[in-house]
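Since the model is a prediction, treat every value here as computed from it, not as a measurement.
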Amino acid sequence: MSNEAVNRAGAGVSEQTAIPRLDAIPDSEVDASLVGSLPLSFVKSNLIFPIKRDGDSVIVALGSPKKLFALDDLARLFSAKIRPVLVPEREILDIINRHYERFSETAQEVVDEIDGDTSIESIAHSFEGPKDLLDLTDEAPIIKLLNTLLFQAVKEQSSDIHIEPFEKKLEVRFRKDGVLYPILSPPKIVQDALISRVKIMGGLDIAEKRLPQDGRIRLLAGGRDVDVRVSIIPTSFGERVVLRLLDRKRGLIGLKNVGLDPEQVTKMEALLKRNEGIILVTGPTGSGKTTTLYSALNRVNSAERNIITVEDPVEYQLNGIGQMQVNQKIDLTFAAGLRSILRQDPDIIMVGEIRDAETANMAIQASLTGHLVLSTLHTNDAASAVTRLVDMGVEKFLISSTLTAVLAQRLLRMLCNNCKEALLPTDRERVLFKIGQTPELLYKPIGCDDCFHTGYQGRVGIFEFLILDQPLRSLISKNPDAVTIKEYALTQGMGTLRDDGLSKAAEGLTSIEEVLRVTYID
C-alpha cells in the first residue's frame, strides 16, 4: 500500500460516510512512533492500529466498525483528526503482533528489574490460558522473567530453553538450529522461584524436588500457538529444566521442503503408495526424523485411507489421522499401542520409535499382514538399521522380506541469505568433492541482525536413502553386516550423508564447516 493508496483510502471520510477498506498494511507504511505510544492491551481489545500521520490527520486501521467509539480516545491522544480504514481482523492481529514484538523487553532487561521479591507467594498466580505472552507485562517479576524467556525463544525460533543451576550461578541457554547459545545469567536467588513458576505452568508438583518430572504447557506468543514440553531433573545444585518449544503452525511441511531432492521425493512417494512393508527413518535425537514422518503421512493422508499413529509424545496434531500417545504409567507402550491399532483396520501405521524386540516384531507382523508401517530407529547410517534390528532379536529372513527402505538423516544449519559471503574454494575444500563436481564458489557465515549474528537461519535435512532390491534382500538373509550392506548400496548409486551435505554446500544453502561438523568420513 503506497502513500497515495493510504491517502485515497482516508480521503473524504467523515463520521457519517462509509469507511473505505484495505486488504493489507505493508510494514513500510507504519509509523513506529505512533505504535509505541499505545498500550498493546488497548490496540488488541479494540482491534485498532495507527498507521501514519497525514498532515493534521492520523490514518488508523480498524478491524470492526463496532469499535468506532475508540477513535475518540485516539483523537484526544494524538491531538489530531482520525481517518479510519477497515482492514480484515486477521491482518490487524498479525500486524499488531509483528510490530509490538519490537517493543518487548529482553530477558536480561527483566532480570535487571527484579528487586529480590522471589518468594513462592509472589509467583503462585493462576495461569489462565493460554494467554498471549505479549499481553503479560504487569505480572510479578519472576512470572515476567519466565514469560519473557518463552517469548524471546519463540521470537528467535529457538527449539529449547535450558535453565541450568550451578554452585554459584544460574545459566539460561537457548538451542537455535541445533546449537546452544548462552542468553543470560540471572541471580542465583531467583533459581527456586523461577523453577517453581515453571512447575506451576506445567501442572507439576512444586514440593517434589527429588524426582524427575515431565509436564506440558500450551501458550500463545505473539499470536503463535506453541506447545512446550517440560522436563525437570534433580542435580547437585538444584533442579535443571529443559523446555522444548513446538510451534504448531510450523510443524507440518511437505516432503520437498524437508531437504529431499526431487529424485528422492519421487522414490519416497512411490514407496508410500505400497500396501505393505516397513519404511524406517534413522538418526540421532533431534535430527528431524519425526518431521520427515509427519511430512510423509501428510502426503498420503486421504479419506480413502485409515492412518493411525502411536507416538511418545504426539508432537503435532494431524487432521484426519488417529494419534495415540504412549503412557508408561498405565503400561500403554509402543508394542501395546501397536497391538491395539491392528484391531482398528488401519491401512498405514506410524510407530514413533522401535525401541525393543517386542515393538520390532509387532511392526514386522503388521507389515506381513498387509499394512504399511513407518517408524524411526536410532542408528548412525542407513545400513546400520539392519544390524540394529538383528541385535534386537528380529530374524534375518523377516527383515529381508518386510523392510523396504531406510532413510538416514541429519539436520544442517542453513546460511543466512542476508549476510552469507561468497568465496573461492580452498585446496582443502576441493578435495572433499568428487572429480568434476567442485563448485566455482562456496559460501561462509558472517552474521547480522536477521540471524541474531550467528550467520545461520533455519535448518535443512541431508539424507542417505537405502532402498532394498532383491540382491540386497538376499545379502541380508546371508550376512546382515552394515559394512557389506553399505558397500553394495554405494555400488548401486546410493549417496551418503556427506555427499548430500556437500551438494547443499555447492548450492549455497550451507557452509563446508557445517557439513564437516554434522557428517563423518565414510
Side-chain angles (χ1 to χ4, degrees), residues 1-15 17-55 57-75 77-78 80-104 129-137 150-152 154-157 218-226 247-253 257 317 319 418 449-450 457-458:
M1 181 178 65
S2 65
N3 291 342
E4 293 182 3
V6 174
N7 292 336
R8 286 199 304 272
V13 177
S14 67
E15 294 181 1
T17 59
I19 303 173
R21 296 176 180 272
L22 290 173
D23 292 329
I25 309 169
D27 290 338
S28 59
E29 298 290 339
V30 176
D31 185 342
S33 64
L34 295 179
V35 179
S37 63
L38 292 178
L40 175 64
S41 57
F42 176 81
V43 295
K44 270 199 168 182
S45 61
N46 291 291
L47 289 177
I48 207 166
F49 187 83
I51 302 175
K52 59 179 290 184
R53 288 187 181 273
D54 182 43
S57 302
V58 174
I59 300 173
V60 173
L62 192 65
S64 170
K66 297 179 181 179
K67 301 291 185 177
L68 280 170
F69 61 86
L71 300 182
D72 294 335
D73 294 331
L74 290 183
L77 176 66
F78 294 132
K81 179 182 176 182
I82 302 300
R83 292 159 53 188
V85 291
L86 274 179
V87 176
E89 181 177 331
R90 182 67 262 171
E91 172 64 17
I92 285 276
L93 291 173
D94 283 347
I95 199 164
I96 287 173
N97 288 327
R98 288 201 305 274
H99 282 271
Y100 274 86
E101 279 185 2
R102 302 173 185 176
F103 297 98
S104 61
K131 292 182 180 178
D132 195 318
L133 297 181
L134 276 174
D135 295 328
L136 304 179
T137 56
L150 288 165
F151 177 75
Q152 187 173 332
V154 173
K155 180 180 177 181
E156 296 182 10
Q157 298 182 8
R218 185 173 178 182
L219 50 83
L220 293 174
R224 282 167 281 192
D225 191 357
V226 180
D247 190 336
R248 298 166 72 92
K249 286 186 178 179
R250 299 176 60 231
L252 295 178
I253 57 179
N257 301 113
Q317 300 294 331
N319 290 329
N418 188 56
D449 290 341
D450 283 0
Q457 193 167 41

(request) Return the set of residues passing side-chain hydrogen bond (donor to acceptor under 3.5 Å, both in side chains) with Asp23 (not counting sequence neighbours), or none when no residue passes. (result)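 Scan of Asp23 (side-chain hydrogen bond (donor to acceptor under 3.5 Å, both in side chains), adjacent residues dropped) gives none.
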(request) Could you list the residues that satisfy side-chain hydrogen bond (donor to acceptor under 3.5 Å, both in side chains) with Glu156, not counting sequence neighbours? (result)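 Applying side-chain hydrogen bond (donor to acceptor under 3.5 Å, both in side chains) to Glu156 gives Gln152.
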(message) For a side-chain contact (heavy atoms from CB on, under 4.5 Å) check, start with the C-alpha distance between Leu219 and Leu150, then their side-chain angles and the critical distance, and finish with the verdict.
(response) CA-CA 9 Å; Leu219 50 83; Leu150 288 165; 3.7 Å; yes
(request) Grab the two heavy atoms, one from Val87 and one from Ala61, that are nearest each other, plus how far apart they are. (result)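 Nearest pair, atom of Val87 first, then Ala61: CG2-CB, 3.8 Å.
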(request) For Pro20 and Pro84, work out which heavy atoms get closest and say how close. (result)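 Between these two residues, the closest heavy atoms are CD-O, 3.9 Å.
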Quick one, [X] and [Y] - any side-chain contact, counting heavy atoms below 4.5 Å?
X: Phe49; Y: Val30; value: yes
X: Asp54; Y: Arg83; value: yes
X: Ile51; Y: Val85; value: yes

(message) Please identify which of these residues, Ile48, Leu77, Leu71, meets the side chain to side chain contact (heavy atoms under 4.5 Å, CB included) condition with Ile82.
(response)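 Looking at Ile48, Leu77, Leu71, the match for Ile82 under the side chain to side chain contact (heavy atoms under 4.5 Å, CB included) is Leu71.
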(message) Would you compute the distance between atom NZ of Lys52 and atom CD1 of Ile59 and round it to the nearest 0.5 angstrom?
(response)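 Separation between the atoms: 6.0 Å.
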(message) Let me confirm one number: the CG-CD1 distance from Leu62 to Ile92, rounded to the nearest 0.5 Å.
(response)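 Taking CG in Leu62 and CD1 in Ile92, the distance rounds to 7.0 Å.
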Check side-chain contact (heavy atoms from CB on, under 4.5 Å) between [X] and all other residues, then give those that pass, not counting sequence neighbours.
X: Asn257; value: Ile253
X: Ala80; value: Arg53, Val58, Phe78
X: Leu93; value: Leu47, Glu89, Arg90

